[in-house]
A.B. asks: 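Right, I'll just put the structure down here and ask away after.
A note on names: the letters A, B, ... follow the listed sequences, proteins ahead of strands, and every chain is numbered from 1.
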Amino acid sequence: MLLIHCPHCGPRAQTEFSYGGDANVARPPAPEETDDRTWTDYLYLRDNAKGSHAELWQHIFGCRRWLRLHRDVVSHEITSCSDLPRPRTGNGS
Amino acid sequence: MSLGSFRLDSGGLIDRGRKISFTFDDRIYHGYHGDTLASALLANGVRLVGRSFKYHRPRGIYGLGSEEPNALVRLRQGARAEPNIRATQIELYDGLVAHSQNNWPSLRWDISSTLGLFSRFLPAGFYYKTFMWPGKFWPYYENFIRHMAGMGRSPEAPDPDRYEKRHGNCDVLIIGGGPAGLAAALSAAKGGALVWLADEGARLGGRCLGDGNETVRETIATLASLENVTVLRRTTVFGKYDDHLYGLLEHTGDHLASPARGMPRQRLWHLRTKQAVLASGAIERPLVFANNDRPGVMLTTAVLHYLRAYAVRSGKRAVINTSNDSAYRAAQILAAHGIEIAAIVDHRPGTKRRDMPGVEILPGHAVIDTSGGRDLTGVTIARLAGNGDTVRGSERRLDCDLLCLSGGFTPCVHLYSQAGGKLTYRQDIQSLVPQSDVPGMLVVGAAAGEFGGDEFAGGEAAMGRPISLSKSRRKQFIDLQNDVTAADVELAAREGYRSVEHVKRYTTLGMGTDQGKTSNLNGIAALASALDKPLADVGITTYRPPYTPVTIGALAGREIGVFLAPTRRTPMQDCHEKAGAVFTPAGLWQRPHYYPRPGETATDAVNREVLAVRRNVAVVDVSTLGRIDLHGPDVVEFLDRIYINGFNTLAVGMCRYGVMLRDDGMIFDDGTVARMSETQFIMTTTTANAGPVMAHLEYYLQVVWPELRVHLTSITDQWAVAAVAGPRSRDLLDSLDSSIAFASQAMPHMAWRAGHIGGIPAQVFRISFSGELAYEIAVPADHGHALWELLLATGGGFDVIPYGTEALTTLRTEKGHFVMGPEADGRATPGDMGLRAMLSAKKDFVGRRSLRLPGLAPAGRLNLVGLIPVDGGSSIPAGGILLQSQVAGPLPDKAGHVTTSVFSASLDKPIALAMVRDGRQRLGEELWAHSPLDGRIIAVTITDPVFIDPKGERLRA
Amino acid sequence: MPDPRPRRSALNRPPQPGELIQERTDLWIQRLYGPDRQSDFGGKLGLDLPEQANRASQDTALHALWLAPREWLLVSDADAARGNLAARIVANGGALSDLSHARTVFRIAAGPARNILAQGCPLDLRPAIFLPGHCAQSVLASVAILVHHLADGAHMDIYVARSYGQYMYDWLNDAAPPT
Amino acid sequence: MSRYSFASLVRHGVMGHRGWKPVWRDPEPKSSYDAIIVGGGGHGLASAYYLAKNHHLNNVAVLEKGWLGGGNTGRNTTIVRSNYLLDANARFYEHGMKLWEGLSRDLNFNVMFSQRGVLNLAHSKGQLETFRRRGNAMRLNGIDAELLNRGDVAALVPGMDLSGNARFPIEGGLLQPRGGTARHDAVAWGYARAADRRGVDIIQNCEVTGIRRDRTGVTGVETSRGFIASKRIGLAVAGHSTQLAAMAGVRLPIESHVLQAMVSEPVKPVLDTVVTFGAAHLYVSQSDKGELVMGGDIDGYNSFAQRGNLPVIEHVAACLLALFPQFSRLRILRTWGGIMDMTMDGSPIIGTTPVPGLFLNGGWCYGGFKATPASGWVFAHTMATGQPHSLNADLNLDRFRQGRVLDEKGAGPYPWAH
Ligand SMILES: Cc1cc2nc3c(=O)[nH]c(=O)nc-3n(C[C@H](O)[C@H](O)[C@H](O)COP(=O)(O)OP(=O)(O)OC[C@H]3O[C@@H](n4cnc5c(N)ncnc54)[C@H](O)[C@@H]3O)c2cc1C
Ligand SMILES: NC(=O)c1ccc[n+]([C@@H]2O[C@H](COP(=O)([O-])OP(=O)(O)OC[C@H]3O[C@@H](n4cnc5c(N)ncnc54)[C@H](O)[C@@H]3O)[C@@H](O)[C@H]2O)c1
Ligand SMILES: Cc1cc2nc3c(=O)[nH]c(=O)nc-3n(C[C@H](O)[C@H](O)[C@H](O)COP(=O)(O)O)c2cc1C
Ligand SMILES: [Zn+2]
């Protein structure tokens with residue numbers, strides 16, 4: 001069972017997380033201007049490398065944040081786990 | 001035989017003050033506290049303890065612990081009976097009951113042992129080659145094969161014992177409490193680390209058990225005194241999992257007749273450690289020759305172990321068959337304890353041996369056969385020629401009742417291999433040993449092939465061939481449990497099953513409950529010689545958890561009975577129970593299905609409930625629907641992107657029905673959304689989808705559109721919600737003490753208001769699923785019970801009744817509302833449901849782009865429609881398939897299927913919803929609803945799905 | 001508006017003195033979202049809002065438990081914490097979501113609690129690790145929980161969603177050592 | 001090579017079994033073949049067999065990187081059924097079922113196909129209605145199906161806990177009586193032996209490391225034993241489909257996940273039906289050797305490790321005890337894992353690819369063992385003719401571009417949810 005180091009909550013058992021798949025899937029920013037091929041690639045194609053895999057997990061029983069991990073899918077070694085990049089919206093008050 | 005003839009007068013770790021009686025195969029025997037069943041049986045001179053798997057050969061005690069292949073018994077009785085337990089690991093307790101297995105009518109006279117006579121026709125894999133003709137007969141053949149299957153009998157009653165699970169954390173986990181593990185524990189503990197040490201035995205000491213080793217004794221005492229050391233005895237480390245998680249099975253109650261009150265029988269640990277030390281020792285390897293399986297044939301370490309730990313002589317006159325030096329020291333000890341040594345038969349021609357007075361030592365010899373029936377009476381030995389074959393004419397018989405096998409030691413590398421460690425072959429000890437460290441695991445002691453200076457280990461002394469294969473037709477067993485012989489391995493190789501994995505599967509070598517602990521290496525050696533390859537090139541089969549079998553009850557832990565999965569309760573659950581509701585599962589909830597009155601059938605009750613809604617007023621608990629609080633400056637934008645319809649025009653104080661899709665264009669969920677303020681909305685979801693919708697929203701918010709500022713809070717549990725429905729619902733509410741004006745002008749359809757009802761703070765939403773005038777009343781959960789009682793109080797002349805989900809189904813079917821599941825089954829688009837008009841043209845939303853894919857184009861898709869029986873009265877089969885014709889040809893073209901079928905009490909006739917290909921263009925057409933499962937074919941007419949009040953006048957009333 | 005009626009908790013079981021597992025009822029519980037970036041949000045409110053993960057703060061009547069970055073659970077059993085505080089939070093750019101009725105809370109003596117939790121929760125709750133004043137969200141017997149080791153060191157509070165309250169109560173009792 | 005029969009077994013027995021010949025040759029790879037199949041699992045071997053038998057293409061090689069049958073064919077829970085809802089799946093799997101019924105004799109190798117019935121349990125009226133729809137669809141597709149009520153279930157599976165106070169009480173179930181199990185290894189070995197007899201070269205320990213192509217299409221494969229030419233290459237590598245397709249520049253809508261299975265210690269027969277537990281994740285049967293063979297859900301995250309983790313095993317145990325509390329004191333003997341090629345809609349992909357001469361047989365998810373004969377049959381057809389067979393016409397790769405996915409569960413493009 002994996003031990004995932006949530007950047008917020010610390011090292012936690014995998015049972016606290018739910019899996020979200022390939023982290024490199026990017027939703028086309030303007031779907032309506034996207035052709036069928038690009039759109040269905042987005043819907044159905046995933047990285048499936050036999051090695052380091054960038055993937056999303058949600059800390060569903062913890063801070064509920066979606067996280068980005070790099071995990072070796074053969075050894076299951078997790079080499080990084082970080083928060084998703086967040087836009088800087090200076091919501092000051 | 002009386003107690004004592006095999007038992008020494010003194011010594012051993014048993015408590016002679018505590019005599020214990022037990023039964024084996026219904027005969028009473030005695031032993032001492034501290035005995036195992038195996039040691040006690042041996043002490044009583046019981047040598048035949050079981051029958052083998054395939055040939056039902058008589059078998060005795062062979063080993064000393066978890067490597068035991070033979071002595072599997074059924075332990076305990078009644079609901080506590082368990083099959084296939086190793087006698088070597090059963091600690092004796094008073095009143096213990098054990099039975100032998102795999103025999104009929106008795107252990108001594110086992111009919112199936114005659115199978116051995118036909119064994120030449122039952123070689124490895126024989127079943128693949130026969131039983132094929134005539135094809136019809138296979139079930140009978142198979143019945144016979146199944147009859148022969150299995151070792152023990154499965155228990156038949158539910159387990160009375162309790163199993164516990166536990167999570168633990170430590171710095172260093174030491175696996176094995178032999179000298180190596182103890183030393184490792186001590187040094188780790190001295191460094192201050194939090195150390196756990198687990199050993200599957202009842203006592204620490206490993207191979208040194210009972211040998212009087214002072215260092216070991218002191219170390220055990222020191223460890224016991226250290227606060228940072230936790231010692232788990234009777235605890236098997238059975239598996240190594242990712243990120244240094246180990247599975248441990250602690251036998252907390254197995255050494256007792258039954259676990260103490262409140263104590264679990266076994267405890268399954270999930271232990272996370274930083275570092276593990278594998279000190280699991282080594283298992284002695286047998287030698288292979290004809291009839292090497294009789295009771296009385298034992299591993300030398302086992303014989304020693306019974307002598308030193310239990311003061312039991314395993315026999316009176318022993319022959320030692322060895323290929324390494326360790327046997328000599330063993331022989332001395334045996335002799336010192338009164339076991340006569342008939343001879344030491346050493347495979348090595350020029351062994352640098354030491355003399356033992358009175359013992360015949362035969363270098364360059366091997367045992368090649370044994371004699372005896374159900375017990376060993378003697379062995380045949382022969383001289384070995386240079387090539388390893390036996391020299392003809394050199395055969396000689398030696399009388400003995402004990403044959404000690406000593407073919408070297410095989411390190412226990414199971415957990416290392418599970419961790420992905422690679423093995424390498426070491427010629428000097430003729431074993432596979434760890435090649436290099438794996439991260440987080442250190443292998444030490446005998447497990448690492450470090451037999452040290454120990455005189456038992458055989459050290460650098462060259463061994464003979466691990467097995468000697470005489471060309472004998474008699475059976476030479478490699479895997480004693482599964483009755484796999486050297487000939488089977490040869491046959492597999494001859495037939496082309498040459499990979500070690502093929503040999504395993506073809507012969508079943510190593511696939512028994514011992515997983516080949518004593519046989520795998522000999523199997524490899526046999527294969528190497530059959531293929532004429534170096535042993536190192538043969539490879540080894542994969543090691544897998546568990547190290548020894550793990551009780552299914554322990555794996556399940558307390559996840560049994562009601563704790564298999566959580567059960568959720570609404571604040572009104574008590575009321576439903578009191579009202580005698582029949583429940584139906586909805587996700588983790590139990591929702592009232594209907595509320596039968598005495599004497600009523602289910603149908604009666606549902607019809608009554610439906611009519612109450614249509615004609616009067618009734619109440620349903622909808623607290624299970626998911627509720628999500630959304631707030632933030634971008635909440636409107638967010639909802640617009642999530643739902644197919646728009647929300648920016650929704651006024652504060654109003655609600656709107658919304659449908660959301662997955663990005664592949666399929667309907668994902670639906671529900672109403674209420675605008676609480678400029679920047680706050682409350683969304684409702686379907687009961688089953690509450691969790692997935694929340695995760696879906698969080699995904700889009702955090703991953704796809706992180707720039708949107710919206711907070712999501714699940715508030716399902718904050719509210720108790722009752723829907724009051726029916727033409728008199730407003731009258732009912734008006735009759736209550738409330739601050740809210742329910743009249744249509746004040747509160748039109750799809751409005752919501754806050755206030756209080758009967759002194760309870762409430763939010764009331766005028767929304768309707770049933771199509772009647774209806775209000776959903778949400779109150780803080782702690783007041784749900786009071787609200788329900790208030791609504792159902794029959795005062796005021798309203799004959800209010802509660803209704804359940806079955807009536808709800810009928811009501812929504814009458815209104816043509818689809819639901820997630822039957823209609824929106826994950827393959828339906830909004831267009832399929834007739835919701836094209838809802839699709840906003842002004843904005844993008846999740847799933848929109850997919851609707852333009854060719855496969856989602858409207859033509860040819862299944863549409864939501866209604867059905868009525870042509871004859872007006874026949875019920876429409878639920879789950880029926882719609883065909884064009886009454887007669888279904890082979891592979892007919894399907895027009896669609898019935899999704900929900902009900903009897904409409906309101907219309908007094910059966911109706912149904914269905915998904916029909918291009919259905920909306922086919923209103924009025926006739927189809928046939930086929931339900932071959934119950935032999936029904938009903939003619940139906942396609943109708944609009946809305947059966948009642950198509951204009952929605954009732955709900956706007 | 002104050003609740004005019006007595007509240008009926010998920011268990012609806014008056015506390016029995018001496019029982020190991022005690023339900024805490026009638027709490028005021030809010031999920032608090034701080035503004036995205038503002039250094040001294042807590043200071044402006046006069047609240048000690050722990051910035052460090054898995055920490056809880058306590059002043060006389062109010063606990064603030066860390067849930068996620070800029071998110072806390074405010075818990076109080078005193079009326080004093082309400083009304084005015086909520087208004088000030090909103091005024092300072094924060095937001096609240098009321099969960100007062102959405103949680104069932106169990107209070108258990110710390111020793112037994114550790115023992116019971118270890119039977120179904122993967123958190124590392126060793127005394128040297130999970131100290132008084134710590135809190136953590138996790139999973140227990142398939143249910144989301146929040147554990148709070150109270151500052152006094154003597155007790156732990158376990159929060160679960162209300163609908164799981166009865167189930168969790170039964171589960172905890174089943175896990176508790178027999179008395 | 002001798003035919004297998006009872007008589008031959010006796011004859012060989014008398015001679016001490018020294019006369020048996022290898023079941024398959026161990027040939028050196030030739031420099032070129034008319035067709036190459038990558039992957040010596042059941043699908044690859046069956047495809048080769050039917051290429052030779054149905055299409056008279058005998059100059060065929062099966063290239064296996066390890067030992068044949070060592071992939072998922074050697075590690076599945078052996079359930080064979082054709083109880084599908086969607087026509088494209090139902091008809092395909094039912095063709096397979098028919099082939100299973102004659103397979104032992106066709107191959108002259110007893111694959112121990114045991115039609116002991118596959119039962120899906122329902123726990124609510126709603127679930128039963130979903131089953132009713134599936135059962136009716138099956139029947140109309142010529143597939144056997146029976147809807148059972150609680151009493152029927154009790155009669156069929158003695159020992160199952162049908163008490164109403166179970167956490168998920170059993171309402172009934174859908175039974176496919178012709179469903180059952182088969183001996184997984186025998187399927188690989190039987191096809192291998194039969195294909196070898198027809199001249200197919202089965203080459204073990206030969207890993208394909210590259211696929212060569214020119215403008216016209218594929219030209220051959222690079223292997224650990226050198227280049228082997230062929231203008232027709234079929235991939236049947238299960239969990240490694242994406243790896244192999246990538247060698248030819250093709251991306252697939254497939255993710256690799258680990259699925260675990262486990263066996264108990266062997267006991268005398270107590271369970272005669274294959275049972276699947278609808279409320280959670282469990283399927284269980286008892287083999288002819290006596291072990292309970294069990295599986296559950298995938299571990300749930302991408303994996304190329306043929307091993308899994310504890311939670312799934314524990315859940316399977318819990319589900320088993322929900323149905324059969326008396327199995328509590330039995331013990332698990334061994335657990336293992338296999339790498340599943342999970343597609344985005346849960347249905348397989350079998351057909352042509354954008355690269356001429358390259359064919360794909362993959363995406364079998366949990367359920368490809370039962371497909372072995374049908375898959376080989378239609379894949380051979382596709383490879384021989386360049387066109388899909390009518391039975392795999394809808395199982396094409398292009399369906400993902402078209403939005404014509406075959407989503408039996410309606411779970412959407414989340415492979416771990418199928
Ligand atoms: C635990 C488990 C339980 C299952 N239960 C069932 C069930 O009950 N019923 C059911 O119908 N299905 C089940 N399945 C699925 C079923 O096992 C598979 O779908 C099926 O066996 C796939 O067969 P295959 O021949 O395509 O793949 P495999 O048998 O995996 O064969 C593919 C072969 O390709 C080889 N290969 C890979 N890469 C290369 C390369 N580069 N070069 C050469 N060779 C290569 C591999 O070594 C492998 O031998 C289960 C699977 C698992 C793992
Ligand atoms: N007396 C002999 O016959 C003999 C044989 C070999 C080695 N030795 C000597 O003993 C030393 C070896 O001692 P050691 O400590 O390496 O081995 P050991 O055999 O003394 O101890 C291994 C211990 O590990 C336990 N164990 C194994 N697998 C386990 C698991 N998965 N979970 C829990 N417990 C498990 C066993 O019950 C055993 O008590 C060497 O230095 C060698 O010289 C003696
Ligand atoms: C249907 C089936 C039954 C099995 N029965 C047994 C068994 O009785 N004993 C055993 O040790 N392994 C059994 N196995 C598991 C195999 O030993 C092995 O674990 C599996 O084929 C995967 O291979 P691997 O573990 O070598 O990777 C069985 C496997 C299957 C598919
Ligand atoms: Zn977290």
Side-chain angles (χ1 to χ4, degrees), chain A residues 1-5 11-40 42-44 55-61 63-68 71-78 81 83-91 93, chain B residues 167 169 239-247 270-274 419-420 438-440 632-634 641 662-666 691-692 694-714 841-857:
Chain A
M1 189 169 47
L2 307 176
L3 187 70
I4 298 176
H5 289 253
R12 295 299 183 90
Q14 174 206 323
T15 42
E16 290 186 6
F17 298 80
S18 75
Y19 186 60
D22 183 1
N24 291 329
V25 173
R27 190 171 191 270
E32 287 304 316
E33 281 129 54
T34 305
D35 61 24
D36 279 5
R37 190 184 177 83
T38 315
W39 182 253
T40 53
Y42 149 69
L43 282 180
Y44 298 116
E55 60 196 23
L56 297 175
W57 289 77
Q58 188 184 9
H59 195 185
I60 198 123
F61 287 112
C63 60
R64 292 202 70 96
R65 291 297 152 93
W66 282 91
L67 307 169
R68 187 186 170 93
R71 183 174 58 93
D72 184 300
V73 292
V74 182
S75 71
H76 292 176
E77 189 194 347
I78 298 171
C81 175
D83 216 352
L84 293 176
R86 249 150 231 297
R88 319 234 143 227
T89 53
N91 174 27
S93 107
Chain B
H167 295 266
N169 292 273
K240 195 266 168 200
Y241 299 92
D242 288 317
D243 287 331
H244 314 302
L245 186 89
Y246 288 81
H270 290 206
L271 187 67
R272 186 87 68 173
T273 184
K274 296 200 178 97
V438 286
D634 298 320
R641 294 188 195 183
R662 299 189 304 240
D663 236 348
D664 67 354
M666 302 302 157
M694 185 73 179
H696 175 86
L697 300 183
E698 286 169 326
Y699 173 82
Y700 280 96
L701 210 46
Q702 295 181 37
V703 182
V704 185
W705 307 309
E707 70 282 5
L708 294 185
R709 291 155 306 165
V710 179
H711 292 304
L712 305 173
T713 316
S714 166
K842 295 200 213 85
K843 54 158 190 149
D844 188 31
F845 54 82
V846 174
R848 182 179 202 228
R849 176 61 185 81
S850 291
L851 300 177
R852 268 176 31 215
L853 294 175
L856 277 68

A.B. asks: Among A:Ile78, A:Leu56, A:Leu84, A:Leu43, which residue forms the greatest number of heavy-atom pairs with chain B at distances under 4.5 Å?
C.D. replies: A:Leu43
A.B. asks: Which pair of non-hydrogen atoms, one from A:Met1 and one from B:Tyr241, has the smallest distance, and what is that distance?
C.D. replies: N-CB, 3.6 Å
A.B. asks: Need one label for A:Ala13: side chain, backbone, both or neither, based on atoms under 4.5 Å from any heavy atom in chain B.
C.D. replies: both
A.B. asks: Please step through side chain to side chain contact (heavy atoms under 4.5 Å, CB included) for the pair B:Leu245 and A:Leu3, ending with a clear verdict.
C.D. replies: CA-CA 9 Å; B:Leu245 186 89; A:Leu3 187 70; over 6 Å; no
A.B. asks: What's the separation between atom CG in B:Asp243 and atom NE2 in A:His5, rounded to the nearest 0.5 Å?
C.D. replies: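 It comes to 7.0 Å.
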A.B. asks: Verify side chain to side chain contact (heavy atoms under 4.5 Å, CB included) between B:Leu701 and A:Trp66, making sure each step is shown before the conclusion.
C.D. replies: CA-CA 10 Å; B:Leu701 210 46; A:Trp66 282 91; over 6 Å; no
A.B. asks: Under 4.5 Å, counting heavy-atom pairs only, tell me which of B:Asp663, B:Leu712, B:Asp844, B:Val704 racks up the most with chain A.
C.D. replies: B:Asp663
A.B. asks: Against chain B, label A:Ser75 side chain, backbone, both or neither, depending on which of its atoms sit under 4.5 Å from a heavy atom there.
C.D. replies: backbone
A.B. asks: Compare every heavy atom of B:Arg849 with every heavy atom of A:Asp35, then report the nearest pair and how far apart it is.
C.D. replies: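 Looks like C-NH2, 3.3 Å.
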A.B. asks: Between B:Phe845 and chain A, with a heavy-atom cut-off of 4.5 Å, which part of the residue counts as in contact: side chain, backbone, both or neither?
C.D. replies: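 For B:Phe845, the contact with chain A is made by the backbone alone.
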A.B. asks: Between A:Arg68 and chain B, with a heavy-atom cut-off of 4.5 Å, which part of the residue counts as in contact: side chain, backbone, both or neither?
C.D. replies: neither
A.B. asks: Heavy-atom cut-off 4.5 Å, strictly under: side chain, backbone, both or neither for B:His270 against chain A?
C.D. replies: side chain
A.B. asks: Taking atom CD of A:Glu32 and atom CZ of B:Arg852, what is their separation to the nearest 0.5 Å?
C.D. replies: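 Rounded to the nearest 0.5 Å, the CD-CZ separation comes to 5.0 Å.
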A.B. asks: Nearest heavy-atom pair of A:Arg65 and B:Gln702: which atoms, and what distance?
C.D. replies: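 What the structure gives for the nearest pair is CA-OE1, 3.3 Å.
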A.B. asks: Nearest 0.5 Å, please: how far is NE2 in B:His167 from OG1 in A:Thr15?
C.D. replies: 6.5 Å
A.B. asks: Only pairs of heavy atoms separated by less than 4.5 Å count here; which of A:Arg27, A:His76, A:Gln58 has the most with chain B?
C.D. replies: A:Arg27
